[in-house]
Peer 1: 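Quick one: this structure, given as structure tokens, is what I'll be asking you about.
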Amino acid sequence: MLMSIPGYEIIRELARNGCVVYEARSATLGRIVVLKTYMWEKACEAREAEALVGLEHPNILRYFEVGEVQGFQYFAFEYVEAETLAQRLSRGPLPATEARRVAILMALALQSIRKAGLTADLSPANVFLAEPPKLYLYPAPIPQPAYSLPHVLVTRMRV
């Protein structure tokens with residue numbers, strides 16, 4: 001069953017694993033967005049929600065709105081056509097030059113996230129690689145400690 005969120009037309013379900021992720025059209029923004037709904041207590045408090053919506057960096061997915069509907073918290077953020085780092089790594093390790101580029105872009109994005117007092121789950125499923133060489137980091141509100149950057153680069157990317 002698709003959740004109804006005022007101001008959004010749900011197009012399709014993208015994922016389900018503790019939360020439900022939809023592709024949707026925002027009536028207010030007039031664009032396609034991603035809606036992520038959490039099926040438990042709030043994923044973040046008001047201060048974090050404001051920081052997420054105000055966070056701007058060329059390598060971080062932009063949040064447009066954080067709200068609540070039917071007792072569930074939802075997040076509307078930028079939709080990008082991209083492959084996740086996890087999908088890319090399933091085909092084998094990254095060439096050294098690409099791995100360096102990804103590491104630098106992740107570090108710059110993470111610096112901005114940390115300055116805002118937020119956390120980021122740096123798992124390869126939350127790093128999006130787009131063309132031209134572009135990287136987007138999803139600053140997810142997470143209840144458990146995030147992966148550290150060196151852990152991801154060493155164990156996941158096999159640099």
Side-chain angles (χ1 to χ4, degrees), residues 8 10-26 28-38 43-45 47-67 73-159:
Y8 296 94
I10 305 293
I11 297 170
R12 66 186 171 117
E13 186 175 304
L14 298 173
R16 182 181 293 259
N17 60 348
C19 60
V20 184
V21 183
Y22 301 104
E23 178 181 345
R25 182 176 318 283
S26 167
T28 326
L29 297 171
R31 68 185 299 172
I32 301 295
V33 299
V34 173
L35 282 177
K36 186 171 190 174
T37 59
Y38 287 87
C44 72
E45 296 303 319
R47 186 207 62 80
E48 292 171 301
E50 288 172 17
L52 284 168
V53 173
L55 189 61
E56 290 193 33
H57 187 278
N59 298 111
I60 297 173
L61 290 176
R62 290 185 317 157
Y63 277 75
F64 300 117
E65 181 181 19
V66 177
Q73 193 169 38
Y74 70 89
F75 300 85
F77 56 91
E78 184 176 11
Y79 176 86
V80 294
E81 287 288 335
E83 175 180 48
T84 67
L85 181 56
Q87 291 167 328
R88 171 57 189 85
L89 291 174
S90 70
R91 297 192 309 271
L94 296 174
T97 55
E98 187 178 353
R100 277 192 298 276
R101 181 184 65 80
V102 167
I104 289 167
L105 294 177
M106 285 176 67
L108 292 171
L110 184 60
Q111 180 182 28
S112 202
I113 290 167
R114 295 288 192 217
K115 277 185 182 175
L118 299 167
T119 58
D121 178 354
L122 295 181
S123 65
N126 287 337
V127 177
F128 299 88
L129 306 173
E131 293 296 328
K134 183 85 173 156
L135 175 139
Y136 294 96
L137 186 60
Y138 168 61
I142 51 175
Q144 69 278 355
Y147 286 92
S148 67
L149 185 59
H151 177 266
V152 171
L153 294 176
V154 173
T155 63
R156 305 285 184 157
M157 296 174 63
R158 297 182 180 96
V159 175

Peer 1: Report the distance from atom CD1 of I60 to atom CG of L108, rounding to the nearest 0.5 Å.
Peer 2: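 Here the rounded value is 9.5 Å.
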Peer 1: Are more than 12 heavy atoms, taken from residues, nucleotides or ligands other than K115, located less than 6.0 Å from that residue's NZ atom?
Peer 2: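 Not more than 12 within 6.0 Å, no.
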Peer 1: How many angstroms lie between OH in Y79 and CZ in F64, if you round to the nearest 0.5 Å?
Peer 2: 13.5 Å
Peer 1: Nearest 0.5 Å please: distance from the OH atom of Y136 over to the CG atom of L85.
Peer 2: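 Atom-to-atom, Y136:OH and L85:CG are 15.5 Å apart.
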Peer 1: Would L122 and N126 count as a side chain to side chain contact (heavy atoms under 4.5 Å, CB included) here? Give the steps.
Peer 2: CA-CA 6 Å; L122 295 181; N126 287 337; over 6 Å; no
Peer 1: Check L135 against M106 and note the closest heavy-atom contact, atom names and distance.
Peer 2: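 The pair with the smallest heavy-atom distance is CD1-CG, 3.8 Å.
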Peer 1: Can you list, pair by pair, the side-chain donor-acceptor contacts under 3.5 Å of residues 50-57, counting residues two or more places apart and other chains?
Peer 2:
residue : atom : partner : partner atom : Å
H57     : ND1  : N59     : N            : 2.9

Peer 1: Which pairs count as salt bridge (charged side-chain N to carboxylate O under 4.0 Å, His left out) when at least one residue sits in residues 73-86, sequence neighbours excluded?
Peer 2: E83-R91
Peer 1: Find the distance between OG (S112) and CG (L118) and round it off to the nearest 0.5 Å.
Peer 2: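 Atom-to-atom, S112:OG and L118:CG are 9.5 Å apart.
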Peer 1: To the nearest 0.5 Å, what is the distance between CZ (R25) and CD1 (I10)?
Peer 2: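 One finds 11.5 Å between CZ of R25 and CD1 of I10.
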Peer 1: At their closest point, which heavy atom of F128 faces which heavy atom of A82, and how far apart are they?
Peer 2: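 Looking at all heavy atoms of both residues, the shortest contact is CB-CB, 3.8 Å.
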Peer 1: Any idea how Y63 and Y138 line up, ring-wise: parallel (<30°), tilted (30 to 60°), or perpendicular (>60°)?
Peer 2: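 Geometry flag for Y138 against Y63: parallel rings.
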Peer 1: Any side-chain heavy atom of Y8 within less than 4.5 Å of one from Y22?
Peer 2: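 The answer is no; the side chains never approach within 4.5 Å.
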Peer 1: Provide the closest heavy-atom pair for L35 versus Y74 in the form atom of the first, atom of the second, distance.
Peer 2: CD2-CD1, 4.0 Å
Peer 1: Check whether more than 12 heavy atoms from other residues, nucleotides or ligands sit under 6.0 Å from atom CZ of R101, and answer yes or no.
Peer 2: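 Above 12, so yes.
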Peer 1: Which heavy-atom pair separates I113 from L137 by the least distance, and what is that distance?
Peer 2: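 Nearest heavy atoms, I113 then L137: CD1-CD2, 3.5 Å.
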Peer 1: Quick check: closest heavy atoms across C19 and T37, and the distance to 0.1 Å?
Peer 2: CB-O, 3.0 Å
Peer 1: Using atom types as modelled and distance alone, determine if a side-chain donor or acceptor of Q87 lies under 3.5 Å from a backbone N or O of T84.
Peer 2: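 At least one qualifying donor-acceptor pair exists.
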